[in-house]
Amino acid sequence: MSIVRMSAMFGRTLREAPADADSANHQLLLRSGLIVQLAAGVYSFLPPAWRTLRKIEQIIRDEMENAGSQELRMPAIQPRELWEESGRADSYGPVLFNLKDRRDRTMVLAPTHEESVTDLFRKVVQSYRDLPQSVFQMQTKFRDEPRPRGGLVRVREFIMKDAYTFDVDDDAFQLSYLAMRQAYHNIFDRCGVPVVAVQADSGAIGGKQSEEFIFLTEIGEDNIILCQSCGYAANQERAEFARSDAAGSDGELEEVATPGVATIDDLAAFLDVPASATAKAAFFLVDGDPIFAVIRGDLEVNELKLLTALDGLEIRPLLPEEVEAAGWVAGYASPIGVDPTRVVVDPSIVDGGGLVAGGNKVDVHLRHVTYGRDYTAGVIADIGLAEAGHGCPQCDSALEMQRGIELGHIFKLGTRYADPMDATFLDADGERRTPIMGCYGIGVERLMAAVVQANHDEFGIVWPHAVAPFDVHIVPLGAGDEVAQAVQQVTDALADAGLHVLCDDRDERAGVKFNDADLLGAPLRITIGARGLKDGLVELKPRRASEPSPTPLADAAEAALAAVHASAEV
RNA sequence: CGGGGUGUAGCUCAGCUUGGCAGAGCGCACGGUUUGGGGCCGUGAGGCCGGCGGUUCAAAUCCGCCCACCCCGACCA
């Protein structure tokens, strides 16, 4: 297929990792000379990295097409009006890169393509006969992230594979969704990255249900809640959990002096009751309104769940002066007497019986505060933050928590975009109907980072063959015609057999070459040196093997092919 | 945007406390030696010490402002 001579390769390896790099994959990608940073969250991809990205793209393309999706291309530059039409100009606002064209029209660099694909649909599809449809693209996305981080994990310009399905109804949608779901498992398998599918919050994309494909790793930025017994898995953002038994006690409302006791821990210790016998108040600003959230003292509030429960767009904790302005006393706040439309309670409160809560006066709490009798809430909803040790919502076993990177996300959009953008079709009865949409994303560079993170050792990258930039790395040692001839013979044979060969023809010492070979991580290394050739031998060493195996020069190419194909099985 | 940190040679970092000629290792170029896991010797190139302003006889060093990048939080593929 092709031969790259290392003396001519664009890019260089580094002995030391740049200080900015934290994670193993980031360090290795930099050290191996695969990527170079231009600005925060903006990277160049040098030839070997680009080869790997193209291989990953090809795997994705392959699986998408197997799942019946058709590749197309949509613009990266879009009129802002499109985003106003869907109602996302504001919710996505800060992340949008804005620019003006020469006619002073505001354009955006697309961070994702739900709007454009919905626009395409309404211009192209009219009849149920055209459905279902499934399309995908691999397109550069631009997001002005609040904080790029972790090398390629979170960047501002990146390639995303995004797919979209359109179905006549929910039942049909389920088939499309499951096909994509399976394709996703296949993609990550083929790239050599273990993933777990977890329930997720759909965030700014919108829609009803979604699943994330998570690579579990300590460098991940998401918290994943897992049950080892039944397999329940969810992002902490939306993970459910079983509340432990209530510890409240019933009785008349009763004031109790609690001087200087302003935290749940202090309160429980002071009164000698478990934290689960108390009620915790937490204050938030949701879309401009102060909200009084109540949850049992041993639990924390999940802000995202609270936001979802209120159907809100934006949430943050209330500032101390805002708490005061709302008439609430931090540390001693009581839900009693608060406008119920401002109050949200967790089920742990409703079922909790009489709990110790604030008295709305400094240094005073109330015993036996009982939901329904003493106060009510406009919203009762699960707003609890699931944590390790909590009960599994399915089987009540103890939950675990691990970090993970989100590599893919698949959503049921329902009619979130088709409705506001008026995308419809005519059904068999001539009725105008709205398609059920799904969307399915994968971050391509992020996937490459995960491949490296999941496949490396102390010496360098250990590429899975399917995405390796080179199939074989040839290391000639020593000058002389004999070596040169043998190298040429093996290199040509492998290239002719369709492999991508990297040949380290540099005038470097053996140690340098071996170290770079380990760093660059091709699946197979072939060492051709004067010493071995005296006995007619070369050495084959799969990157994963600890020791090389001597092989007669005459058999080298064939053995190498076999080894490469064997490594493809891994 | 809030909190923390770092900016000195291509990379890793000293020097800053206590102001006084810009440094080391690696890398790079050249020569020699060596030649199977980043070897050794020598010579050399390479710097607006992130930027602007201030203090001072004198600023990498002290002061102020700004910028960039990294880490922690709010956000996502």
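Every chain is numbered from 1 and lettered A, B, ... according to where its sequence line falls, protein lines coming before strand lines. As a basis for the values below, the full set of heavy atoms in this structure was taken, side chains included, without hydrogen atoms, waters or symmetry mates. These figures come from a predicted structure and were not determined experimentally.
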Checklist entry - With sequence neighbours left out, what residues match A/E157 under side chain to side chain donor-acceptor pair (under 3.5 Å)? => result none

Item to check | For A/E71, all residues meeting side chain to side chain donor-acceptor pair (under 3.5 Å), sequence neighbours excluded | outcome: A/R61

Checklist entry - Mind checking what makes ring-ring contact (aromatic ring centres under 6.0 Å, His included) contact with A/F213, not counting sequence neighbours? => result A/Y184, A/H185, A/F188

Checklist entry - Which value, in whole Å, describes the distance between the P atoms of nucleotides B/rC1 and B/rA45? => result 45 Å

Checklist outcome for this item: Per the under-4.0 Å heavy-atom filter, residues of residues 38-46 of chain A near RNA chain B come out as A/A39, A/A40

Item to check | For A/W328, all residues meeting side chain to side chain donor-acceptor pair (under 3.5 Å), sequence neighbours excluded | outcome: none

Next on the checklist: What's A/A479 touching, base or sugar-phosphate or nothing? Going by heavy atoms closer than 4.0 Å.
Outcome noted: nothing

Checklist entry - Contact class for A/L407 (heavy atom, under 4.0 Å): base, sugar-phosphate, or nothing? => result sugar-phosphate

Checklist entry - How is A/V155 classified with respect to the nucleic acid when contacts are heavy atoms under 4.0 Å: base, sugar-phosphate, or nothing? => result base

Next on the checklist: Does A/Q37 reach a base, just sugar-phosphate, or nothing at all? Heavy atoms under 4.0 Å.
Outcome noted: sugar-phosphate

Using a cut-off of under 3.5 Å, enumerate the N/O to N/O pairs linking the protein to nucleotides 38-40 of chain B.
from, atom 1, to, atom 2, distance (Å)
B/rG38, O2', A/R15, NH1, 2.8
B/rG38, O2', A/R15, NH2, 2.6
B/rG38, O6, A/R31, NH2, 3.2
B/rG38, N1, A/D516, OD1, 3.3
B/rG39, N7, A/R509, NE, 3.2
B/rG39, N7, A/R509, NH1, 3.1

Item to check | Nearest-Å distance once atom P is located in both B/rC26 and B/rG39 | outcome: 9 Å

Checklist outcome for this item: When rounded to whole Å, the CZ to C1' distance for the pair A/R149 and B/rC71 reads 10 Å

Checklist entry - Would A/F514 count as stacked on B/rG36 if the rule is ring centres under 5.5 Å and plane angle under 30°? => result no

Checklist entry - Does a salt bridge link A/D22 with A/R149, judged by any charged N lying under 4.0 Å from a carboxylate O? => result no

Next on the checklist: Using the ring-ring contact (aromatic ring centres under 6.0 Å, His included) criterion, which residues pair with A/F142? Sequence neighbours excluded.
Outcome noted: none

Item to check | Residue-level proximity of residues 523-538 of chain A to RNA chain B when a heavy atom falls under 4.0 Å | outcome: A/R525, A/T527, A/G529, A/R531, A/G532

Next on the checklist: Categorize A/G480 for me: base, sugar-phosphate, or nothing, with a 4.0 angstrom heavy-atom threshold over every strand shown.
Outcome noted: nothing

Next on the checklist: Categorize A/D518 for me: base, sugar-phosphate, or nothing, with a 4.0 angstrom heavy-atom threshold over every strand shown.
Outcome noted: base

Next on the checklist: Would you measure the distance from the P atom in B/rU8 across to the matching atom in B/rA60 and give it in whole Å?
Outcome noted: 15 Å

Checklist entry - Is A/P18 touching bases, backbone alone, or none of the nucleic acid, heavy atoms closer than 4.0 Å? => result sugar-phosphate

Checklist outcome for this item: The ring-ring contact (aromatic ring centres under 6.0 Å, His included) partners of A/Y440 (sequence neighbours excluded) come to none

Item to check | Test side chain to side chain donor-acceptor pair (under 3.5 Å) applied to A/T13 - qualifying residues, sequence neighbours left out | outcome: A/D516

Item to check | Partner set under ring-ring contact (aromatic ring centres under 6.0 Å, His included) for A/H409, not counting sequence neighbours | outcome: A/F411

Next on the checklist: Please classify the nucleic acid contact of A/R12 as base, sugar-phosphate, or nothing, using heavy-atom distances under 4.0 Å.
Outcome noted: sugar-phosphate

Item to check | Under-4.0 Å salt bridge between A/R154 and A/E445 | outcome: no

Throw together a table of side-chain donor-acceptor distances under 3.5 angstrom for residues 37-49 of chain A, partners on residues two or more places apart or in other chains.
from, atom 1, to, atom 2, distance (Å)
A/Q37, NE2, A/A39, O, 3.0
A/Y43, OH, A/H26, NE2, 3.3

